[in-house]
Amino acid sequence: MEFFKYQGTGNDFVMVDNRDLQFPKDKSIIEKLCDRRFGIGADGLILLENDPDYDFKMVYYNSDGGESTMCGNGGRCLVAFAFFLDIFEDKCKFIAIDGEHEAEIHNGIIKLKMINVDTISHDGNDFVLNTGSPHYVKYVEHLEDFNVYTEGHGIRNSENYKEKGINVNFVEKNAADEIFVRTYERGVEDETYSCGTGVTASALTFLQKDNLTSVKVKTLGGNLKVYAEKNGNSFRNIWLEGPAKQVFRGKVDIF
Ligand SMILES: N[C@@H](CCC[C@H](N)C(=O)O)C(=O)O
């Protein structure tokens, strides 16, 4: 089987052109392909499929092999992959598990429109919201030295969240218009270098407090930007922007 490897701010994905629907959607196969020692290695696997009403369809799996909810960095990487496959010129519309997404690509920078967010709930001093995937957002100090694995694993497996799981983001304000975000991801069950829906969720909690319309976001794997229009407690026109790159391509035996 031919595959492509992409990364978006260090969140990495095995990408398969499945327009012929030949890929076996088997949990153990996907888990093995994502394994960093026994397989290709990735935080997730994404299938690009046809859809009669859109330029393409996104099917996303976490590295544990389970199909999951929306992946923002994966969506940006998939747009770069579809562009590489000549599926569109500079703007596209695709369908994912959380609904329709628009996207644009200019010089390797991909801008992805995320779903609207109507509610930001509180859990103590922390925030819980859904940006296509469920996210917990906690503001901390000294994030550089923070134990993201231990703290994130603890919250993800706590009584309130252990059944469905949640992605856990730790956030520190860097400047008036910039935050630093580190994320423990459900389904990877580890910290990743960046999480697009997590960066979006963190940015919205930041924008909620300020009169900004965009925020710069630093992650371990690079820089992103989130734009949004705030109306009371809800957000519209949410865009996640940043680079996504093809790293290599290859062939793998999966049967
Ligand atoms: N890496 C992602 C989020 C992927 C989904 C997540 N692991 C989940 O299962 O909720 C992103 O860039 O958004």
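The structure presented is a predicted model; accordingly, all values stated were derived computationally and were not measured.
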Contact list for residues 7-37, test ring-ring contact (aromatic ring centres under 6.0 Å, His included), sequence neighbours left out: none

Listed partners of K113 passing salt bridge (Lys or Arg N to Asp or Glu O under 4.0 Å), at least two apart: E102

For D64, the salt bridge (Lys or Arg N to Asp or Glu O under 4.0 Å) test, sequence neighbours excluded, returns none

The salt bridge (Lys or Arg N to Asp or Glu O under 4.0 Å) partners of D17 (sequence neighbours excluded) come to R19

Looking at F127, is K209 sitting on its ring face, NZ or CZ under 6.0 Å from the six-membered ring centre and within 45 degrees of the normal? no

Connected-component partners of F180 among ILVMFWY, side-chain separation under 4.5 Å: V128, Y136, V140, L143, F146, V148, Y149, I155, Y161, I166, V168, F170, Y184, Y193, L220

So, D210 side chain and L212 main chain: donor-acceptor pair closer than 3.5 Å or not? no

According to the salt bridge (Lys or Arg N to Asp or Glu O under 4.0 Å) rule, which pairs have a member within residues 222-240, sequence neighbours left out? D118-R236

Counting heavy atoms not belonging to F38, are there more than 12 under 6.0 Å from its CZ? no

For residues 85-99, run the donor-acceptor check on the side chains, cut-off 3.5 Å, and write out each pair with its distance to 0.1 Å, sequence neighbours left out.
{"residue": "D98", "atom": "OD1", "partner": "H101", "partner atom": "NE2", "Å": "2.7"}
{"residue": "D98", "atom": "OD2", "partner": "H101", "partner atom": "NE2", "Å": "3.2"}

Going by the side chain to side chain donor-acceptor pair (under 3.5 Å) test, which pairs reach into residues 71-80, not counting sequence neighbours? N11-N73, N73-R76, N73-S194

Is the closest side-chain heavy-atom distance between D177 and V215 below 4.5 Å? no

With salt bridge (Lys or Arg N to Asp or Glu O under 4.0 Å) as the rule and sequence neighbours excluded, what pairs involving residues 121-146 come up? D126-K138

Please list, chain by chain and in numerical order, all residues satisfying salt bridge (Lys or Arg N to Asp or Glu O under 4.0 Å) with E178, sequence neighbours excluded. none

Quick note, side chain to side chain donor-acceptor pair (under 3.5 Å) partners involving residues 164-173, not counting sequence neighbours, are H135-N169, N169-T183

Keeping S133 on the side-chain end and M70 on the backbone end, is there a donor-acceptor pair under 3.5 Å? yes

Could you list all the side chain to side chain donor-acceptor pair (under 3.5 Å) pairs where at least one residue sits in residues 52-63, not counting sequence neighbours? Y54-E100, Y60-N62, N62-S68

